[in-house]
Number of protein chains: 2
Amino acid sequence: MASQTEENYLKALYSLSVGKMEVNISELSAALNVSNPTVNSMVKNLKSKGLVKYEKYKPISLTEKGRKAAALIVRKHRLTEMFLVEKMGFGWEEVHEIAEQLEHVNSSALFERMDELMDHPLVDPHGSPIPDRQGNISESAYEPLSKFSSGRKVKLAALGHSSTEFLKFLNSRELSLGTEIEIKSIETYDGSMVLSYQNHASETFTKAVCESLLVERVG
Amino acid sequence: MASQTEENYLKALYSLSVGKMEVNISELSAALNVSNPTVNSMVKNLKSKGLVKYEKYKPISLTEKGRKAAALIVRKHRLTEMFLVEKMGFGWEEVHEIAEQLEHVNSSALFERMDELMDHPLVDPHGSPIPDRQGNISESAYEPLSKFSSGRKVKLAALGHSSTEFLKFLNSRELSLGTEIEIKSIETYDGSMVLSYQNHASETFTKAVCESLLVERVG
DNA sequence: CTAATATGTTAGAGTCTTCTAACAAATGTT
DNA sequence: AACATTTGTTAGAAGACTCTAACATATTAG
């Protein structure tokens with residue numbers, strides 16, 4: 001069983017390797033807020049446990065064993081987030097910090113019960129897919145809103161990231177998952193988009209925001 | 001904020017000092033499964049934080065600050081146990097291990113939400129009182145069944161301890177909190193009691209068991 | 001292609017929690 | 001009271017995770 005610290009390294013490696021497959025020492029230390037030497041020695045430790053592939057001065061990657069271990073932690077994290085929102089009435093901006101702690105709890109019974117009580121949800125409150133019990137995860141096919149052009153109608157399906165600030169911002173604009181959005185116009189100068197949805201006839205969002213709004217086509 | 005380890009020492013001190021007020025180094029090390037020297041140094045550490053009173057070769061006691069800190073951990077533990085039983089469908093024999101981990105989670109929001117969702121329960125699934133937000137706990141006025149005499153009718157209100165084995169034993173006899181019990185007879189030789197309750201006309205329990213069944217008078 | 005910069009590594013140390021071995025104090029027994 | 005036993009303490013060390021300072025290797029820019 002990996003320690004809580006080791007689990008956090010695996011999880012960070014997992015999210016940093018989305019798409020990329022390989023991760024720097026420095027990226028990891030930035031993500032975990034520890035120094036490079038600390039990461040260096042922990043990576044050696046994880047290597048000795050067969051959880052990462054690593055050679056001096058080369059980038060790090062998860063082994064299959066490490067990838068699965070990480071996915072199972074992500075599963076616990078996302079099931080918890082969904083449970084807190086669905087069954088306990090928390091807002092989607094409140095659950096990350098709590099799930100960050102609960103994800104290390106050692107009790108498959110607890111998480112499987114959450115899973116059952118929610119009828120096996122496929123995604124967390126931010127639209128990120130929940131890995132299954134075997135650690136398999138379905139890659140989401142959603143695209144950033146910024147890729148689409150004027151006139152297009154889409155539905156908000158997930159978020160590129162889910163920092164508390166971003167979630168509070170979306171709350172303030174009354175934008176939530178499942179909302180149907182129409183692109184009214186795009187500012188060519190800075191890529192900002194004017195959108196229409198629900199009772200918001202015209203809201204402007206920066207390009208950065210639109211890159212983090214993952215959507216699917218409608219109609 | 002106390003570390004998880006420190007919290008476990010406080011909690012152990014708290015339960016060992018029920019009634020007694022003072023605790024030995026050896027009792028603590030037995031309860032926590034660590035060596036005497038380990039306890040000795042941790043107790044010095046807790047003393048330096050103002051959580052315990054302690055002098056060389058003397059027994060240990062919690063300060064008011066320590067007592068409150070411990071009670072708040074017990075509050076989190078018992079709220080969690082009750083939540084797992086009431087809202088997640090676990091059996092009373094399954095929840096201790098999970099609560100043992102969840103009690104260290106740092107999130108008053110989580111535990112206050114549990115409290116609200118259950119409408120501020122007063123006791124945990126084993127009948128032990130839940131301390132309030134200020135760390136105050138109502139001493140239970142229940143007495144062990146073994147104190148009563150033949151013919152007496154009582155109601156099972158709480159348990160003296162709640163080890164998994166004991167709980168499974170009670171499950172096997174279909175005995176749960178709230179059950180009304182009549183003492184049919186008492187064996188003078190070994191103090192075992194013959195009880196009648198619900199659809200169990202005659203069940204014999206050892207004195208040791210009856211000392212852990214806390215009851216209140218009925219009728 | 002060298003020099004400057006960025007990135008990674010090693011060495012040595014500190015904190016927290018734990019241990020064992022050896023010693024000291026308190027308690028119980030005849 | 002004197003001895004034996006139990007209980008508590010000190011000293012020294014180890015493992016996990018972290019740091020800073022100093023050094024080594026890679027990468028980037030002129």
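Keep in mind the model is a prediction, meaning the values are calculated, not measured. FYI, side chains are in, hydrogens and waters are out, and symmetry mates aren't considered; it's all heavy atoms of this structure. Per chain, numbering begins at 1; letters A, B, ... match sequence-line order.
Separating the CD atom of A:Glu27 from the C1' atom of C:dG8 is a distance of 13 Å, rounded to the nearest angstrom. Whole-Å rounding puts the A:Glu6 CD to D:dG15 P distance at 15 Å. For the pair B:Asn33 CG and C:dT18 P, the interatomic distance rounds to 11 Å; values are reported in whole Å. Atom pair A:Ile25:CD1 and D:dT18:P shows a separation of 13 Å (rounding to whole Å applied). As rounded to whole Å, 13 Å separates atom P of D:dA26 from atom CD of A:Glu55. For the pair A:Lys44 NZ and D:dT18 P, the interatomic distance rounds to 15 Å; values are reported in whole Å. Going from atom CG of A:Leu46 over to atom C1' of D:dA16 covers 13 Å, rounded to whole Å. Residue B:Asn40 contributes atom CG, which lies 15 Å from atom P of C:dT17 at whole-angstrom precision.
Ion pair A:Lys76/A:Glu112 not flagged as a salt bridge, since none of the NZ, NE, NH1 or NH2 atoms sits closer than 4.0 Å to an Asp/Glu carboxylate oxygen. The pair A:Glu27-A:Lys20 meets the salt-bridge criterion, with a side-chain N (NZ, NE, NH1 or NH2) lying under 4.0 Å from an Asp/Glu carboxylate O.
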Next on the checklist: As a quick check of understanding, evaluate side-chain contact (heavy atoms from CB on, under 4.5 Å) for B:Val209 and B:Leu213, giving each step before the final call.
Outcome noted: CA-CA 7 Å; B:Val209 166; B:Leu213 297 175; 4.1 Å; yes
Item to check | Audit row: B:Phe169, B:Phe205, side-chain contact (heavy atoms from CB on, under 4.5 Å) steps and yes/no | outcome: CA-CA 11 Å; B:Phe169 168 77; B:Phe205 291 85; 3.7 Å; yes
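For the OP1/OP2 pair of C:dT18 and a distance below 4.0 Å, the side-chain nitrogens and oxygens of B:Tyr9 include at least one atom meeting the criterion. Between A:Lys58 and D:dA26, a side-chain N or O to OP1/OP2 separation shorter than 4.0 Å is absent. Contact annotation: B:Thr38 side-chain N/O to C:dT17 OP1/OP2 distance is not under 4.0 Å. A:Thr5 has a side-chain polar atom (N or O) that falls below the 4.0 Å cut-off from OP1 or OP2 of D:dC17. Note on A:Ser3: every side-chain N or O is 4.0 Å or more away from OP1 and OP2 of D:dA16. Between A:Asn24 and C:dG8 there is a side-chain polar atom (N or O) within less than 4.0 angstrom of OP1 or OP2. When the side-chain nitrogen and oxygen atoms of A:Lys56 are compared with OP1 and OP2 of C:dT10, one or more of them lie within a distance under 4.0 Å.
Checking D:dT20, C:dC19, D:dT18 against the side-chain heavy atoms of A:Ser41 singles out D:dT18 as nearest. The nucleotide whose nearest atom lies closest to any side-chain atom of A:Tyr57 is, among D:dT25, C:dT17, C:dA24, D:dT25. Listed nucleotides: D:dG8, D:dT20, D:dC17. Nearest to the side chain of A:Asn45: D:dC17. Side-chain proximity of B:Ser26 to the nucleotides D:dC17, D:dT7, D:dT9 is greatest for D:dT7. In the set D:dT20, C:dT10, D:dG8, D:dG8 carries the atom at the smallest distance from any side-chain atom of B:Tyr54.
Panel note: side chain A:Thr63, backbone A:Leu51; a donor-acceptor pair is recorded below 3.5 Å.
DNA chain C is contacted by both B:Asn36 and B:Lys49; B:Lys49 maps to the nucleotide lying nearer its 5′ end (nearest heavy atom per residue).
Shown here is B:Lys58, whose NZ atom has no more than 12 heavy atoms of other residues, nucleotides or ligands within 6.0 Å.
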